[in-house]
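Have a look at the structure below, then the notes.
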Protein chains: 2
Amino acid sequence: MTERDAIPAGGKATYIAEEVRRRIIEKEWRQGDRIPDETELATEFGVARATVNKALQLLAEEGLLDRRRRAGTRVAINPVRKATFSIPIVREQIEAAGLSYSHRLISQSRSPLPAQHAERLGLSTGDILIHLRAVHYGDRQPFQLEDRWINPRAVPGIEDVDFHHLNANEWLVRNAPYLRADLNFSACNAGEHDAPLLDTKPEQALLILNRTTWNDVGPITTVRLAFHPGYTMAATT
Amino acid sequence: MTERDAIPAGGKATYIAEEVRRRIIEKEWRQGDRIPDETELATEFGVARATVNKALQLLAEEGLLDRRRRAGTRVAINPVRKATFSIPIVREQIEAAGLSYSHRLISQSRSPLPAQHAERLGLSTGDILIHLRAVHYGDRQPFQLEDRWINPRAVPGIEDVDFHHLNANEWLVRNAPYLRADLNFSACNAGEHDAPLLDTKPEQALLILNRTTWNDVGPITTVRLAFHPGYTMAATT
DNA sequence: TAGTGGTCTAGACCACCCT
DNA sequence: GGGTGGTCTAGACCACTAT
């Protein structure tokens, strides 16, 4: 860490991570190369080994480095980079876009679980769950169509909630922290049933997000979110 | 860390993170509550403060905790949870599914950049880039349609590559590490032009992934991937 | 077996920002 | 001003695995 180096914005570990990243981008260290071990880098940068360790672990999580005990650290040959996106509360997402939020509950009932969901949830077909359908609006335009099943055994108190005025997404986020979640994206045509709810044509392509959460008791909820036509979901790296 | 506790799988920090997560899930600590500070938890668990710090930073990244100097650590009121997915090499993705990979280059040319991409890339309309279109197959079934623009100024050597037998995705992953990437998902109808390439109907809904990468020179590549009908992209949390 | 990363400790100092 | 988290250090021991 020589005098002329810029002051590290996020501390020395961040600075070292940036410097190592730069050496990889600029091909000073090439795909597959072994890089100096932690002790050597600690000496080079004039820091403790733990600091180098933190920096390199960060880059390994990003997928840029492969690290193995005894074998050392190498620049990844096929860097499998990762992207993350946050799962916002619908209302906050809509309001963040400067629109006024509203929602409409289409149905709320206790219903037997269809087979298509039972396996994924690890429950039995016909178990009684709470089934909700709702549309979320931004400035009165349909934004998202929600089709949700909630397992009351995993969420005590849910039976008494009326979702006409409170949105299920928000209630669950605040009251049912989860241990594990599954999430996937797909696309499907709106169809006769959903198209009118999103104010579009039946053949319109829609982005679909399916999400299921579990806590220590069992599955909490599974939800299918269909976004309005043209919606894009952004991720960061 | 009492004797009867299970041996922490990933070390003490992991154990502490799991225990804190459990206390939140089971409502011992509720949304908005202030939790004990690092020093107290270090005493309780019989570890150094740095170990507690590591555990709590992990949970803060997950979105379960809000941490602020002086104000302490609180259970997040609206836990904004994050999901991560990895961006695989198409060939590896197809082979991992047990299918045999092949691809077909539809076109490779040096072309003026259309306006729709210019702004996103920070280049000028009409700049000469390399334009590729290709289809990737698994067991001879169309898997993914790729429409890619590559900026040769950011990737020296690209001009000489013939992508008839080498796939661009793989070449770029190995030769053009990036500093920053943008990524988003959307859905669109296949259309007259793309439908035959994916062996489907023009109105079929397709999952679209758009991705753009940059290095220190400038934009490297922007690509639009259209997946075959029914494809789902899974993320983990 | 020996070299490498993984993790932890005890202590220190600092940055931030609530009160 | 003072309490909290953020980061670093020097050292230690351990886990894994290439050779």
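Letters A, B, ... mirror the listed sequences (proteins, then strands); counts begin at 1.
- Here the two rings, on B:F185 and A:F227, have centers that are 6.0 Å apart or farther.
- In terms of phosphate contacts, B:K12 brings a side-chain nitrogen or oxygen within less than 4.0 Å of OP1 or OP2 of C:dT9.
- Contact between the side-chain N/O atoms of B:N53 and the OP1/OP2 oxygens of D:dG6 is found at a separation under 4.0 Å.
- The CZ-C1' distance, from B:F45 to C:dC8, rounds to 16 Å in whole Å.
- Taking atom CD of B:E38 as the reference point, atom P of D:dT7 lies 11 Å away to the nearest angstrom.
- Of the candidate nucleotides D:dA18, D:dC8, C:dG6, C:dG6 has the atom nearest to the side chain of A:R69.
- Contact annotation: B:Q57 reaches the phosphate of D:dG6 (side-chain N/O to OP1 or OP2, under 4.0 Å).
- To the nearest 0.5 Å, atoms OG1 (B:T236) and CG (A:N184) are separated by 12.0 Å.
- Comparing D:dC8, C:dC8, C:dC13 by their closest approach to the side chain of B:A13 singles out C:dC8.
- When distances are taken from the side chain of B:V47 to each of C:dT9, C:dT4, D:dG5, the shortest belongs to C:dT9.
- At whole-Å resolution of the value, CG in A:L41 and P in C:dT4 are 12 Å apart.
- Distances shown here put a side-chain N or O of B:R34 below 4.0 Å from the OP1 or OP2 atom of D:dT4.
- With sequence neighbours left out, the side chain to side chain donor-acceptor pair (under 3.5 Å) criterion links A:R23 to A:E19, A:E44.
- Listed candidates were D:dG1, D:dC16, D:dG5. Nearest to the side chain of A:R70 is D:dC16.
- Between the CZ atom of A:R49 and the C1' atom of C:dG5 there is a distance of 6 Å, given to the nearest Å.
- Side-chain atoms of B:N169 and B:E146 form no donor-acceptor pair, as typed in the model, at a separation below 3.5 Å.
- Among the nucleotides D:dT7, C:dT9, C:dG3, the one closest to the side chain of B:A48 is C:dT9.
- Residue B:L56 contributes atom CG, which lies 14 Å from atom P of D:dT4 at whole-angstrom precision.
- For the pair B:R74 CZ and C:dC17 P, the interatomic distance rounds to 16 Å; values are reported in whole Å.
- With DNA chain D read from its 5' end, the first of the two nearest nucleotides for B:T73 and A:A50 is the one closest to B:T73.
- If you check the side chains of B:T212 and B:T222, you find a donor sitting under 3.5 Å from an acceptor.
- Between the CG atom in B:D66 and the CD1 atom in B:I35 there is a gap of 11.0 Å [rounded to 0.5 Å].
- Within a heavy-atom distance below 4.0 Å of DNA chain D, the residues of residues 61-68 of chain A found are A:R68.
- When each of C:dT7, D:dG6, D:dT9 is scored by its nearest atom to the side-chain atoms of A:T51, the top-ranked nucleotide is D:dT9.
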Which donor-acceptor pairs under 3.5 Å do the side chains of residues 97-105 of chain A make with protein atoms, sequence neighbours left out?
residue	atom	partner	partner atom	Å
A:S100	OG	A:D139	OD1	3.4
A:Y101	OH	A:H136	ND1	2.7
A:Y101	OH	A:N167	ND2	2.9
A:H103	NE2	A:F163	O	3.3
A:R104	NE	A:Y137	OH	3.3

